[in-house]
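Positions are given from 1, in the same order as the sequence printed here.
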Amino acid sequence: MINTEQKILLLGRQITENDPDRIGGVIALFELLKNNLSSLDVDYDVHDTNRHNYKSSTHFFFSITIKILFGFKNKSHISLHGTANDFFYLAPLVVFFGKFVFKSHVSLRKFAGNFDELYDNAGFIKKWLARYAMKNADAVFFETKYLKEIFRPFNKKTFWFPNVRAGSSYQTDLMFKKRFVFIGQVKKTKGINEILAVFPGLPREYSIDIYGPLSAEYRKDDFLLPNVT
């Protein structure tokens, strides 16, 4: 149960001010969390980690530093919701100042599902920083059960926090027509390689339509395959 009398602090990416219509999964999930907390009358503050809402990287660094030094005080719980870079660079600061300087509880939530690859390919310093953050946090959350198991040896209080969205008003019939649709960024970490490996081998009545911006990892010719559009 959430104690609604406690003041908590969320760190995450807010909607991009100069392009509010472009909302990726990280922003959408953070907005959903805020809405859910508000519906429960939970009192919280937010520190924005969306770099696009700052004038420059330097402005972002100094702003976040000031928020950490002066905004962490008197918070019962500090919760970081971030990407891989946040886990490597921001999470260690949040854990150190939040838990050991300001004596708050600290939780870390990692978006996306490729952190094991990024961690394995990181240098010694980045690995040490990420390990420090995960080991000393009061709770760590990953989007997939696979990552939860991979990183649980660092911290027994590591949990699965699935990627969920609010219900849609759009309804369709329940008849399975063997047609699949992918909507999102067309890049390796979204599972595109697995899609391209599976669908050409399925019977002709199966198909998948892929919608989204094409990353530099792919060309349009890569999708000229049976059952893939």
Side-chain angles (χ1 to χ4, degrees), residues 10-36 48-54 57 60 80-90 109-122 141-148 150 160-229:
L10 306 177
L11 292 93
R13 296 188 184 184
Q14 305 233 70
I15 294 174
T16 304
E17 295 173 357
N18 61 3
D19 192 6
D21 293 329
R22 186 171 184 177
I23 301 178
V26 172
I27 294 176
L29 290 170
F30 189 61
E31 288 296 314
L32 179 61
L33 172 71
K34 289 163 50 185
N35 292 338
N36 288 339
D48 187 12
T49 61
N50 185 348
R51 287 167 171 78
H52 295 293
N53 288 334
Y54 296 85
S57 296
F60 169 79
L80 172 65
H81 301 252
T83 60
N85 279 337
D86 294 322
F87 257 53
F88 284 128
Y89 302 114
L90 186 54
R109 177 188 180 189
K110 168 69 177 62
F111 293 116
N114 65 329
F115 190 59
D116 56 329
E117 291 182 34
L118 298 174
Y119 179 84
D120 288 341
N121 294 326
F141 301 94
F142 285 100
E143 198 168 284
T144 67
K145 292 181 179 180
Y146 172 76
L147 288 180
K148 180 200 75 172
I150 290 291
W160 176 44
F161 196 139
N163 180 339
V164 295
R165 301 293 177 93
S168 173
S169 60
Y170 176 78
Q171 298 293 325
T172 185
D173 63 73
L174 299 178
M175 184 180 296
F176 178 45
K177 298 180 179 179
K178 300 180 182 180
R179 181 185 177 189
F180 296 82
V181 177
F182 172 93
I183 303 174
Q185 298 183 53
V186 183
K187 58 182 183 179
K188 179 182 176 182
T189 56
K190 296 294 184 180
I192 296 298
N193 282 359
E194 287 73 18
I195 290 174
L196 299 182
V198 168
F199 274 87
L202 294 177
R204 293 176 61 89
E205 60 266 28
Y206 287 84
S207 68
I208 184 164
D209 296 335
I210 299 175
Y211 296 88
L214 198 66
S215 73
E217 298 169 323
Y218 298 103
R219 300 172 300 162
K220 289 185 179 180
D221 291 347
D222 295 327
F223 300 87
L224 298 177
L225 298 169
N227 302 3
V228 179
T229 302

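The shortest heavy-atom contact between Ala84 and Leu118 is CB-CD1, 3.4 Å. In plain terms, the two heavy atoms of Leu10 and Lys34 that are nearest each other are CD1-CG, 4.1 Å. Looking at every heavy atom in both residues, Tyr54 comes nearest to Asp48 through OH-O, 2.5 Å. Shown here for Pro200 and Val228, the closest heavy-atom pair between the two residues is CD-CG2, 4.4 Å. A pairwise comparison of heavy atoms in Asn50 and Ile15 identifies ND2-C, 4.1 Å as the closest pair. Between Pro213 and Gly184, the closest heavy-atom pair is CD-O, 3.7 Å.
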Candidate pair Val186 and Phe223, rule side-chain contact (heavy atoms from CB on, under 4.5 Å), full reasoning:
CA-CA 11 Å; Val186 183; Phe223 300 87; 3.6 Å; yes

Step by step, would you call Tyr146 with Asp116 a side-chain hydrogen bond (donor to acceptor under 3.5 Å, both in side chains)?
CA-CA 9 Å; Tyr146 172 76; Asp116 56 329; 3.3 Å; yes

Step by step, would you call Ile208 with Arg179 a side-chain contact (heavy atoms from CB on, under 4.5 Å)?
CA-CA 6 Å; Ile208 184 164; Arg179 181 185 177 189; over 6 Å; no

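At distances below 3.5 Å, not a single donor-acceptor pair connects side-chain atoms of Asp222 with backbone N or O atoms of Tyr218. The closest donor-acceptor contact from the side chain of Glu217 to the backbone of Lys187 lies at 3.5 Å or more, if one exists at all. Remark: side-chain polar atoms of Thr144 are paired, donor with acceptor, to backbone N or O of Leu147 under 3.5 angstrom. In this structure, Asn227 contributes its side chain and Phe199 its backbone to a donor-acceptor pair below 3.5 Å. The main-chain N or O of Asp209 is never found under 3.5 Å from a side-chain atom of Thr229 such that the two would form a donor-acceptor pair.
A cation-pi geometry, defined here as NZ or CZ lying under 6.0 Å from the six-membered ring centre and within 45° of its normal, holds between Lys145 and Trp160.
Side-chain contact check for Asn114 versus Lys188: every heavy-atom pair is 4.5 Å or farther apart. Within the 4.5 Å cutoff, no side-chain heavy atoms of Arg13 are placed close to those of His52.
Aromatic ring orientation, His81 versus Phe30: tilted (interplanar angle from 30° to 60°).
Rounding to the nearest 0.5 Å gives a distance of 10.5 Å between CD of Gln185 and CD1 of Ile192. Residue Phe141 holds its CZ atom at 12.0 Å from NZ of Lys148, rounded to the nearest 0.5 Å.
For Tyr119 and Phe87, the distance between ring centers is not under 6.0 angstrom. Ring-centre distance between Phe115 and Phe88: below the 6.0 Å cut-off.
The pair Lys178-Glu205 meets the salt-bridge criterion, since a charged nitrogen lies less than 4.0 angstrom from a carboxylate oxygen.
Among the candidates Asn163, Val26, Ile27, the single residue satisfying the side-chain contact (heavy atoms from CB on, under 4.5 Å) test with Phe111 is Val26. The one candidate from Leu80, Leu29, Asp86 that meets the side-chain contact (heavy atoms from CB on, under 4.5 Å) condition with Arg109 is Leu29.
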